[in-house]
Colleague: 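Attaching a single structure in structure tokens format; questions to follow.
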Amino acid sequence: MARVISIANQKGGVGKTTLTLNLGFALAQMGKKVLLVDIDPQFNLTFGLIGMEVLNYAENNVGTIMTRESSVEDAVVEVEENLHLIPSHLNLSAKEIEIINAYNRERRLEKAITPILPDYDYVLIDNPPSMGIFLVNSLTASDYVLIPLELSYFGVIGMQLMFNLMRMIRSETNEHLSLLGLVPNKFTRQTKVPSLRLKELKETYPDAPLLTIIPKSIALEKAQSKGVSIFEFDGDGRAAKAFTKLAREVVSVVEG
Amino acid sequence: MSKDKKDKIPRLFDGSVDELTKPSKKKAGREDLKKVKKQKTLYISLDVNRKLIELYGDEGRRQSIIVEDSVNLYYYLKKAIGEKNFDELMSAVRREDPEFLREYISKFKL
């Protein structure tokens, strides 16, 4: 049965999509069966993986499975062996109002994906940066939260908002939700700020489970713009190595 | 907002992060509590939201000033020293090295 991991942070631009995509590829390379779910109306993950083909999924996407207009099996796209995707779509924002007014609105995603969980080892959900019904659905359906963290002033604030939101979700809709870890992203020593913020973070939250640090890397940005994983673009680079290490860490925490 | 206050990241979470890493235990008397507590929304508390809006407001104003200054500097400096000199100056700026830039400016001739 798959373990469901939400990649979430209420701050935008911290690397949620990059983390989802590359962690997904890294887990798939380890032989795990991985399902990626793009629940962000900006559909960057979907576009990165299937490009303009996204237009073919107007009637089979994460929104339509939540509104029960389509079945989950029809919405699954095979990206490559061991790596599948439930795409987002341009019309996802429009579904928000429909879902907000629907019965059991916080559990729509959970209900939709439950039938296919036995087919996978890991489900990774790429979330929107805004606090709303999609993020609530994602956290309600998840076993774990992975927080990509930009080591900047607002990056650390966004992380704390996620802590508050997790606490709220645990008391209201999903008491099993656990923090898998924080993934400091875009780390560089070219300026002092990231190291300073990391130190400050460790002092403020000594118990925070810090996972592998992902370095700031031009290769990551280039890979993303070409719609490929870091393993395809620069498999021997330090960013690819960091993601492989992170995937091993995730497996070790989740599978014990 | 004073500089000190602005630089220090405020603590917005008062719970235990260690506890968040473990699934929560069912609370005894949860059913009773349900009867008395008001219906909570799942949206972030107003208090945290207000803090965030204030922080974003301050940051937005700070960034607007920086952008306006940058545009003025770019436009008028380019006009004043000419395109060629300006391009040269910018290539010195892009090195992101204050020492180098200081030396470059000290030797700069219009």
Side-chain angles (χ1 to χ4, degrees), chain A residues 10-11 100 105-107 130-133 135-137 139-140 142-145 147 151-182 190-191 193 196-197 199-210 253, chain B residues 1-34 36-63 66 94-100:
Chain A
Q10 280 164 269
K11 185 177 181 310
I100 282 175
R105 61 185 178 179
E106 293 93 4
R107 299 192 181 277
S130 57
M131 168 59 200
I133 198 68
L135 184 53
V136 170
N137 261 273
L139 297 177
T140 303
S142 295
D143 301 302
Y144 296 99
V145 178
I147 305 180
L151 291 163
S152 66
Y153 186 81
F154 286 108
V156 179
I157 285 177
M159 175 202 75
Q160 297 184 81
L161 293 180
M162 273 309 301
F163 289 167
N164 279 303
L165 178 59
M166 273 190 73
R167 184 164 57 181
M168 226 176 287
I169 293 285
R170 279 156 63 99
S171 75
E172 296 295 331
T173 62
N174 181 7
E175 61 197 16
H176 301 295
L177 185 69
S178 303
L179 177 62
L180 179 56
L182 310 172
Q190 282 175 344
T191 69
V193 176
L196 190 78
R197 294 301 180 212
K199 185 169 167 270
E200 201 175 359
L201 171 66
K202 284 176 181 168
E203 282 165 7
T204 315
Y205 297 106
D207 294 333
L210 283 162
V253 175
Chain B
M1 192 183 277
S2 74
K3 192 173 184 305
D4 282 356
K5 204 172 165 190
K6 197 168 198 161
D7 284 350
K8 192 166 166 48
I9 292 174
R11 190 182 169 114
L12 298 172
F13 177 67
D14 60 5
S16 150
V17 176
D18 189 44
E19 224 157 76
L20 283 184
T21 60
K22 302 170 184 98
S24 58
K25 292 171 190 120
K26 275 204 165 169
K27 296 168 199 131
R30 191 181 161 91
E31 288 308 308
D32 293 338
L33 275 173
K34 267 195 172 173
V36 290
K37 74 181 174 188
K38 287 179 186 171
Q39 189 184 0
K40 286 182 189 171
T41 69
L42 278 167
Y43 293 89
I44 202 110
S45 77
L46 287 174
D47 186 42
V48 174
N49 242 351
R50 198 177 53 241
K51 277 182 193 162
L52 187 72
I53 290 164
E54 282 171 9
L55 287 165
Y56 271 82
D58 281 339
E59 180 62 10
R61 280 188 289 278
R62 194 179 73 85
Q63 288 188 8
I66 292 172
R94 285 192 196 102
R95 293 174 74 126
E96 297 183 16
D97 180 350
E99 281 302 317
F100 180 86

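None of these values were measured; they are calculated from a predicted model. Below, chains carry the letters A, B, ... as their sequence lines are ordered, and counting in each starts from 1.
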Colleague: Return the set of residues passing ring pair (Phe, Tyr, Trp, His ring centres under 6.0 Å) with A:F163 (not counting sequence neighbours), or none when no residue passes.
Modeller: A:Y205, B:F13

Colleague: Who passes side-chain hydrogen bond (donor to acceptor under 3.5 Å, both in side chains) against A:K202, sequence neighbours left out?
Modeller: none

Colleague: I'd like to check A:P206 versus B:D18 (side-chain heavy atoms, cut-off strictly below 4.5 Å). Are they in contact?
Modeller: no

Colleague: Would you say that B:V17 contacts A:M159 through its side chain, given a criterion of any heavy-atom pair below 4.5 Å between the two side chains?
Modeller: no

Colleague: Please determine whether the number of non-hydrogen atoms from other residues, nucleotides or ligands lying under 6.0 Å from atom CD of B:E96 exceeds 12.
Modeller: no

Colleague: Please name the pair of heavy atoms, one in A:S178 and one in B:K22, separated by the smallest distance, quoted to 0.1 Å.
Modeller: OG-C, 3.6 Å

Colleague: Can you check whether B:L12's main-chain N or O pairs, donor with acceptor, with A:N164's side chain at less than 3.5 Å?
Modeller: yes

Colleague: With a 4.5 Å cut-off on heavy-atom pairs, point out which of A:T204, A:L177, A:N174 contacts chain B the most.
Modeller: A:T204

Colleague: Kindly indicate whether the side chain of A:R170, heavy atoms from C-beta on, has any atom under 4.5 Å from the side chain of B:L20.
Modeller: yes

